[in-house]
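Just follow the structure's listing: the first ligand is 1, and inside any ligand the first atom is 1.
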Amino acid sequence: MTGPVNDQQAKTPLCPRWEARADLVVIGSGVAGLTAALRARELGLHVLVVTKAAVADGNTRWAQGGVAVVLDGERDADDTVEKHTADTLTAGAGLCDEDAVRSILLGGPAAVNALRANGAVFDHESGGLSRTREGGHSAFRVIHAGGDATGAEVERTLVAQAGERRIPVLEHHIAVDALRTPAGEVSGVTVLDRNGVPGVVRASAVVLASGGIGQLYQATSNPEIATGDGLALALRAGATVADIEFLQFHPTVLFTPGARGRCPLVTEAVRGEGGTLVDGAGASVMAGVHPLGDLAPRDVVAAAITRRQALAPGGIDDHVFLDATGIPGFAKRFPTVYAACQALGIDPAVDGIPVTPAAHFSCGGVVTTADGRSTVRGLYAAGEVARTGLHGANRLASNSLLEGLVVGQRAAEAVAADLAAGLLPDPSRGRLPERTSAPAAERDALQRVMSRYAAIGRDADGLAAAGSVLDLSTQDSPLWTHKAVEDAALTLVAQAMLSAAALRTESRGCHVRSDFPERDENRWRRSQVIRLSPSGQPVLAEAASLEGVA
Ligand code: SIN
């Protein structure tokens, strides 16, 4: 059944067909999830990973550029973690949590060294690791693997380790809702298998590592699984989310007319190694826009491309070009991008690569500490689903794999510490959710209005129009299939984003308002925090909730 439900059906109790137990259940099998699971196992916890695709099919494997990290003996002579911190704060446009930034970046070298010790192979050149630059970085500190296949190497390493250590993984199961104790603590999750058969995992702790929300838009660099399920689960479990209006658009995905769904990324490292953005007439897109030119922070480059496309002499253009003809050995250095170009008959050695911005990364998410504790006891989050304060209003390139490695590990350590301190709930006290339905909009309509009104260049009228369309196309639907769970998650996250974006009457980082083009430091140098009202609507909470993590 996929249509709307009546009140009786909405309250039909969930009848799980099976039940499992663990100390810790991890939702998601990307870099943050598998890192958390592996560390939990090392600490002697019984861990179960739940993932809605196959274990290696998360967002991580699509990451191209690399891992930003300042390693001893593998860095520019004058580079330091302090400089990496400064670049991250600049990119974050005033909304990073400086303590979290410093703490996570300081944890980077040990996390990367551990990954290498466990078999990850990064690219070398004479004298050490190859390092590149990406937008917003003041030094060559992005290490990479397989040329432009860094995420695939990270994922390969973690999946292999998880296999060797026999970590149980429930593939093709989607987490639906949290079990909660009478005191409101999270103590497990309900899940559906690919046929919609319900089950329950009882656990003292849940670590959300479910990735991003790119499928809110028609074109994205994210795979189909990036539907915001973890964010929605956290909101329904009473957690707070913040900075949700800051959805980062990657400046360059490969343009194909009318493209929908996941579009091939053209890594920023292409610009790091000399590629330049030009319009259809061959004029530079970034000249005079920012002192770092083509390597300006991502929000600046994506907005500049969008403006240039809108101002094309013949009317609105749908792409610009990345001129990489001066990069020697392009096919070897960027094999993934090269293969995607070849499939379209483009040879980057002689042709400009047609590119356009697309939805890429959620800078906001479930509010957590730098070690993954959320505002609800028993619930932790790591990776893209979390808002640790590392990214602020705009993530610095290649900080996300690093965050997944560092916070994934710390989240497992936080669970172990909280369990040992007797702070976590008895899983047998967790109750099944009372409602088994949620409002869901038709996905195509949702993606259309979000792409039109909530991308780069928003205004009050457009955001209101998007909200109305969503309201009109939303019906209460039973959460009985993967698609229904995803549609409900996309709907809730879209509502939260539209509310936060409408309230933020300024432009900052990835949030670009055409009716408020300036940054407003007096009023808006602060995060917006959202939670669910008793009737299930995303509403603004006191910003003090940012400090109230459990
Ligand atoms: C890229 O390679 O440009 C994407 C990497 C990232 O999103 O950090």
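- Side-chain contact, His360 with Ser221: a donor N or O sits under 3.5 Å from an acceptor N or O.
- Each of the following atoms of ligand 1 lies closer than 4.0 Å to a heavy atom of Glu268: 1 (C), 2 (O), 3 (O).
- A donor-acceptor contact under 3.5 angstrom links the side chains of Thr336 and Asp148, judged on distance only.
- Which parts of ligand 1 touch Ala397 is read off a 4.0 Å heavy-atom cut-off, strictly below it: atoms 8 (O).
- Those atoms of ligand 1 that come under 4.0 Å of a heavy atom in Ser398, given as number and element, are 6 (C), 8 (O).
- Of the candidates Val241, Ile244, Val366, Val241 is the only one forming a side-chain contact (heavy atoms from CB on, under 4.5 Å) with Leu235.
- Residue-ligand proximity: Ala269 is placed with every non-hydrogen atom at 4.0 Å or more from ligand 1.
- At least one N/O-N/O distance between Arg395 and ligand 1 falls below 3.5 Å.
- Less than 4.0 angstrom separates some heavy atom of His250 from each of these atoms of ligand 1: 1 (C), 3 (O), 4 (C).
- Geometrically, Arg508 does not engage Trp524 in a cation-pi contact, judged by NZ or CZ lying under 6.0 Å from the ring centre and within 45° of the ring axis.
- Looking at ligand 1, you'll find an N or O of Gly65 within less than 3.5 Å of one of its N or O atoms.
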Checklist entry - Could you walk me through whether Leu254 and Cys341 pass the side-chain contact (heavy atoms from CB on, under 4.5 Å) check? => result CA-CA 8 Å; Leu254 190 60; Cys341 288; 4.2 Å; yes

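- Heavy-atom distances between Gln248 and ligand 1 stay at or above 4.0 Å for every pair.
- Looking at Thr267 next to ligand 1, an N or O pair under 3.5 Å apart turns up.
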Item to check | Asp318 vs Phe255, side-chain contact (heavy atoms from CB on, under 4.5 Å): CA-CA, chis, key distance, verdict | outcome: CA-CA 8 Å; Asp318 41 20; Phe255 170 77; 3.4 Å; yes

Checklist entry - Given the rule in the side-chain contact (heavy atoms from CB on, under 4.5 Å) test, do Gln161 and Leu34 qualify, once you have shown the distances and angles that lead to the verdict? => result CA-CA 9 Å; Gln161 276 184 276; Leu34 290 182; over 6 Å; no

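- In this structure, a donor-acceptor pair under 3.5 Å is present between the side chains of Thr132 and Glu273.
- Scanning all protein heavy atoms for the shortest distance to atom 5 (C) of ligand 1 gives Arg298 NH2, 3.5 Å.
- Counting atoms of ligand 1 from 1 in the listed order, those under 4.0 Å from a heavy atom of Glu134 are 1 (C), 2 (O), 3 (O).
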